[in-house]
Structures are given as C-alpha cells and as structure tokens.
Protein chains: 2
Amino acid sequence: MKKVSLKDIATAAGVSTALVSYVLTNKEKEARIGEEMAKKIREIARQLNYQPNHIARSLKSGRSFTIGLVMADISNAFFANIARTIEDEAKRNNYTVIFGSSDENVDKSQDLINVLLNRQVDGLIITPTEGSEKQIAWLQEQHVPFVLIDRFFPGINANHIAVNNFESAYQAVTHLVKAGRKRIGMIAYETTLHHIAERKRGYLEAMRDHRMPDAEKRLKTARYSHLKTDIRTAIDQLCTGPDRADAIFFATNSLAIEGLKYINELRIRVPDILAIIAFDEGEAFDLFYSPVTYIQQPILQMGKEAVRVLLEQIKDQQKTVENIFIDTTLVVRQSCGSKR
Amino acid sequence: MKKVSLKDIATAAGVSTALVSYVLTNKEKEARIGEEMAKKIREIARQLNYQPNHIARSLKSGRSFTIGLVMADISNAFFANIARTIEDEAKRNNYTVIFGSSDENVDKSQDLINVLLNRQVDGLIITPTEGSEKQIAWLQEQHVPFVLIDRFFPGINANHIAVNNFESAYQAVTHLVKAGRKRIGMIAYETTLHHIAERKRGYLEAMRDHRMPDAEKRLKTARYSHLKTDIRTAIDQLCTGPDRADAIFFATNSLAIEGLKYINELRIRVPDILAIIAFDEGEAFDLFYSPVTYIQQPILQMGKEAVRVLLEQIKDQQKTVENIFIDTTLVVRQSCGSKR
C-alpha cells in the first residue's frame with residue numbers, strides 16, 4: 001500500500017519537508033510559520049489523503065494517542081455501554097480507543113494486554129478477570145499507565161473506578177425487607193472477584209441487621225461457564241417447599257435475565273409471588289411485564305472518570321493513585337412489590 | 001518499560017540469539033534444532049515473561065496476526081454479539097481482534113480505519129456507515145484485505161457477508177397477512193443504506209402481492225439521531241384513527257425496542273390490538289409479556305464466514321471476491337398473533 005509521505009505534501013505545496021512536519025505536528029507557532037501557509041499545507045495533506053504514521057509519530061512524541069480497553073465480555077450490555085462511553089469520552093480528548101474482550105479468562109486477558117501494548121497504546125483501561133492479580137501487578141512494575149474499572153483488587157494499589165457495591169446491595173435488600181418480604185434469596189456468580197464478594201456481603205449484613213433468617217442458605221451461586229444450568233438449579237432450590245423464597249436479589253444483569261426467563265417458564269408471578277431486584281440495568285427489564293427494579297450504575301460517570309484518570313496518569317507518571325467509588329441509584333419500579 | 005529481549009533468553013539458555021529467534025518464530029525444524037532444545041528455550045521465554053514484539057515480527061513476516069473491526073455501534077446487542085463471535089473465531093485462528101465503533105458516522109469511521117491501519121492490522125472487517133462508499137473504494141485501491149459485514153454497497157465489488165434482507169422482510173410481512181392482519185405498517189430507519197432499502201422493498205412487494213392497501217402511507221421512517229421522538233411520531237400516526245394499523249413490522253432491534261416501550265406506555269395490547277414482528281433478536285423480546293416474533297440473523301455463521309473470507313484474502317491477495325448471502329429464520333412466537 002503506497003503511502004503519501006511528508007515529501008509528497010512538501011512537493012505539492014512547494015515548501016520544505018521540515019515545514020510540512022512542523023505544521024502536521026501542530027508546531028507551526030513554535031516554528032513561526034504563518035497561518036495561511038499552515039492552512040494550505042493542511043488542506044493539501046487532506047486532499048492527498050495523508051495518513052500520519054502513528055507509530056513514527058509515537059516514536060518522536062512518545063505518545064500514540066490511543067487507549068487500549070480490555071472488557072470482560074463485550075456481548076454483555078453493561079460492558080458494551082461502558083465501552084461506548086469510554087470511546088465517546090476519549091474522542092472528546094482526541095484519543096482513539098481500540099478494544100477486545102477477555103471473556104472472563106485470565107489467559108485471554110494476558111494475550112489482549114500484550115497485543116495492545118505491542119500496538120503502542122499510551123495506556124490501558126481494564127475490567128480485570130478473576131486471577132489476573134499478577135498481570136495487574138506486572139503492569140504496575142512496568143510503569144504502564146492504567147485504570148481498573150468496575151472491579152479492583154484490594155491488595156493492589158492501582159487507579160480504579162468502581163461503585164459502592166456493599167452499600168448498593170445493602171440498600172436493595174433493605175428495600176425488600178421494608179416492602180414486607182420475609183424470605184429473601186440472592187443469586188451471585190461463583191467467583192473470588194472483590195466486587196461480587198462485596199455485593200454478597202451487603203446482602204448478608206442487611207439480612208443480619210434486619211434479623212432475617214437463613215441468609216447463608218438462601219445465598220446461591222452460579223458459575224460463569226454454566227450460567228443457564230446453575231441458575232435453574234438455584235431457582236429450583238430457592239422456589240420450592242413451604243419455606244420458599246418470596247424475593248430474589250440478582251447480583252448482575254446477566255444473572256437476572258437468565259433468572260427471569262426461567263421464572264417465566266415456571267409461571268411464577270412477579271411481584272405477587274416473587275419480588276425481584278437486579279444489579280445493573282437492561283432493555284429487557286423495561287419491557288418485562290412487571291418492570292424490574294434495579295440498581296443503576298452511573299455508567300457515563302464511570303467512563304468519564306476512567307478516561308480522565310488515565311489521561312492524567314499518561315501526562316504525569318508520578319500522579320497519585322486514585323481510588324474512586326461512585327454511588328448507585330436504586331430505581332424502584334414494579335418488580336420489587338413496594339409502593340414507590 | 002524494560003522488555004525481555006531475545007538476547008536475554010539466549011543468555012539464560014546458554015545458546016545463540018539466532019537459535020532463540022528460530023525457535024520463537026516456529027522455524028526450529030527448518031533450522032534443524034532438536035525438540036528438547038526448542039522446548040527448553042520456549043520454557044525460558046515463558047519464565048522470563050517474554051513479549052514477542054508484534055511490530056518487529058510483522059516487519060519480518062509481513063503479518064501482525066491482528067484483525068481490525070469497525071462496528072457501527074458496539075452498544076447495540078446485534079453488533080456486540082457479532083463482535084464477540086468474530087473475536088472467538090479469530091482466536092481459533094491465532095488472530096487477535098481490536099475494534100471500535102463508528103457510531104454510524106462517516107468521519108468517525110474514517111478515523112477508526114486510519115488508526116487500525118496505522119496499528120498494522122492485517123485486514124479489516126467493517127459494518128460500513130451511510131456515505132462511506134469512498135472509504136471502502138479507497139481500501140480496495142490500496143489492496144487492503146477487508147470484508148464488509150451486515151451491509152454492503154451494490155456498486156462496489158468487495159467481499160461481503162449479509163443476510164437475504166428482501167426475502168426475510170417479504171416472508172415476515174406475508175406471515176402477518178396469513179395471520180389475518182389487514183393494515184400492516186412498517187417502521188424503518190431513514191437511510192440510503194442498501195440493507196434497509198431491501199427490507200423496505202420486501203415489505204412493499206409483499207403488501208402489493210397480497211393486495212394490501214396503503215403500503216406507501218404505512219411505511220414510516222425514524223432518524224438514527226432522533227430515534228425516540230421519531231418512533232413516537234410514527235406510532236402515533238400509525239395507531240390512531242379508524243384506519244389504524246393492526247400490525248407493525250420493525251426493521252431492526254433498536255427500532256423495535258423503542259417502539260415496544262411506547263406501545264406499552266399507550267397500553268396497546270400485543271398481539272390482540274397490534275401484532276408485532278421485529279428484525280433481529282434481543283433479550284428484551286424474550287421477556288416481553290407477549291414474546292416477540294423475530295427474524296433471526298445467523299450471527300455465529302456470519303462471524304465465522306467473515307473471518308474465513310478475510311483470512312483467505314490476507315493469505316492470497318488475488319483471491320476472488322466473495323458475496324455471501326445467508327438465510328434468516330422467522331422465529332414465530334406470540335406477538336405476531338398467529339397460531340404457530
């Protein structure tokens with residue numbers, strides 16, 4: 001593929017290559033080049049469809065103006081929307097985002113991080129997978145600017161943007177108690193990831209504080225790799241017998257969607273027989289016959305903060321680490337069976 | 001950031017750098033290096049956490065083993081699922097995918113294509129936006145291997161993977177006619193993109209063939225940039241008066257989801273008062289009180305074919321252009337008001 005060079009532009013404009021270089025790296029003022037001339041050079045570059053060689057530029061400026069984004073699973077609406085927000089915010093700062101999914105797999109995560117670093121990104125935004133502590137610690141040793149989003153590891157002192165998972169879960173379960181529910185279950189992922197552990201802790205402490213029985217027994221987990229079957233087993237266990245649950249708190253949107261499909265199959269009426277609250281939002285929750293009460297994560301703010309912290313870190317490697325926790329909002333609708 | 005070099009590995013293994021290079025580029029057989037030695041070198045490389053420099057490798061092999069993916073909008077479930085399928089299929093072929101969204105915007109699309117090409121991808125998979133014919137033609141002139149997915153331009157002879165949009169729409173509208181609906185409307189995007197034009201043509205021809213009146217009048221459009229308000233206007237126009245629609249065919253999942261939200265607000269019962277068929281699937285369609293009948297696009301097959309065609313093109317630039325059309329499936333559920 002024949003590329004247009006600075007020399008081609010210089011020839012077309014009748015000026016020196018150095019002059020073209022100054023203009024196209026936005027240094028015309030430093031080099032005392034007139035506005036008219038700079039404009040003419042830019043116009044010719046545009047007409048010739050000049051592609052600045054980012055790698056060459058990066059070798060000089062030390063920047064590629066590209067952010068690498070490692071998402072857990074791009075087919076999950078929560079991550080897709082986070083990715084979209086980060087793209088928009090990066091664009092506003094003249095950065096481009098390139099990304100991929102780790103599929104909650106620690107090897108894929110490492111592969112993707114390697115590929116992105118080898119593509120000379122200036123920094124990374126990552127939703128770390130279970131077991132990726134070493135990767136994250138390694139990035140830190142290498143002084144790669146990065147920000148963790150949605151999740152973090154308490155033992156690693158790195159930039160992160162997260163929500164108040166414990167408080168959010170505590171508030172949701174308390175809401176179910178106040179709505180008169182007596183046998184509240186929770187379905188979460190089977191994982192050591194801290195954000196899920198915090199949501200479980202929020203459930204358990206709210207149950208204890210409100211003197212609700214059998215919290216441990218009613219906390220079920222599903223494996224990411226066996227989502228559908230494990231959810232069915234969990235709901236079968238929770239929703240049978242004289243002691244059956246009258247409410248379920250789902251720890252994520254993917255758990256809630258699979259759960260609601262099965263609850264529909266069983267013809268369990270929401271909220272009459274079973275109240276529901278989910279973490280995260282989803283289009284499916286809006287169109288469900290009993291619109292689903294959910295914990296709304298501030299996706300826009302999370303994406304903006306992640307880009308801000310990363311760009312500050314790229315500019316100043318000595319920058320202090322930021323641990324940002326953002327509040328969520330409980331959006332109360334019909335499915336939780338409360339009045340408002 | 002200090003990188004482990006071939007020399008570091010050579011020193012640790014007590015062999016020459018050239019020998020390490022042969023092994024790590026999988027040429028140990030050509031260089032007659034024993035299996036034991038190759039294994040030892042690989043093990044040391046792993047222990048030292050050696051990161052092959054893709055750019056250096058690409059300069060030698062002419063390949064970067066990376067595919068660039070330009071999606072219209074990653075926050076739309078259809079594109080997010082396509083992206084995920086392409087990632088999985090590429091991985092199976094030892095390729096990594098890096099991607100971004102064009103946001104249906106021709107300038108963003110060009111920016112992203114430039115960034116990806118400057119990151120030395122071996123080829124591109126693109127859902128082209130309205131007005132991007134010149135970009136696509138330019139890629140072809142530059143002999144960049146690429147495949148269009150979901151959409152294509154009839155005037156440009158390039159690889160593409162698409163569904164039979166005309167036939168799919170024709171079949172859906174015919175299904176509504178056979179279910180006894182008399183006043184069938186359609187809501188599509190206002191765009192010149194060929195795939196949407198074909199869906200409109202499918203609706204219009206089915207209406208004409210079945211002697212249904214007022215097809216032109218009942219075909220409404222919404223702007224991508226004003227989705228919510230335009231959908232409301234369209235539904236208000238379709239669903240009022242003595243002549244009001246008894247069925248609506250939505251041309252995409254995003255149109256259907258916005259439409260169903262408003263239909264819910266208006267308390268129009270589906271399918272009793274209004275039958276619904278949507279193009280594309282969606283979790284929201286499964287959880288709707290009247291599960292939505294939809295045209296299922298073979299996302300897995302589309303992703304696999306796109307990767308196959310692209311990798312063949314990368315290996316053989318002289319490869320014949322492939323135009324692949326895949327059939328869809330009408331998944332009949334309650335919302336269309338038919339028995340099966």
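A, B, ... follow the sequence lines: proteins, then strands. Residue 1 opens every chain.
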Nearest-0.5 Å distance that lies between atom NZ in A:Lys108 and atom OG1 in B:Thr96: 11.0 Å

Atom CZ of A:Arg92: over 12 foreign heavy atoms under 6.0 Å: yes

Partner chain B: residue of A:Leu112, A:Asp286, A:Val97, A:Asp103 with the largest heavy-atom pair count (under 4.5 Å): A:Asp103

Under-4.0 Å salt bridge between B:Asp111 and A:Lys91: yes

Engaged part of A:Glu87 at the chain B interface, taking heavy atoms whose separation is under 4.5 Å: side chain

Atom pair CG/OG of B:Leu287 and A:Ser290 - distance to nearest 0.5 Å: 11.5 Å

Nearest-0.5 Å distance, CD1 of residue A:Ile82 to OG of residue B:Ser75: 12.0 Å

Heavy-atom side-chain contact between A:Ile74 and B:Phe99 under 4.5 Å: yes

Value rounded to 0.5 Å, distance of CG in A:Leu260 from CD in B:Glu283: 10.5 Å

Crowding at NZ, B:Lys319 (>12 non-hydrogen neighbours, <6.0 Å): yes

Atom pair CZ/CG of A:Arg84 and B:Asn76 - distance to nearest 0.5 Å: 10.0 Å

Leading residue by heavy atom contact count with chain A [cutoff under 4.5 Å; candidates B:Phe288, B:Phe285, B:Phe79]: B:Phe288

Partner residues of B:Glu104 under the side chain to side chain donor-acceptor pair (under 3.5 Å) criterion, sequence neighbours left out: B:Arg151

Under 4.5 Å from any heavy atom of chain A - which part of B:Leu116: side chain

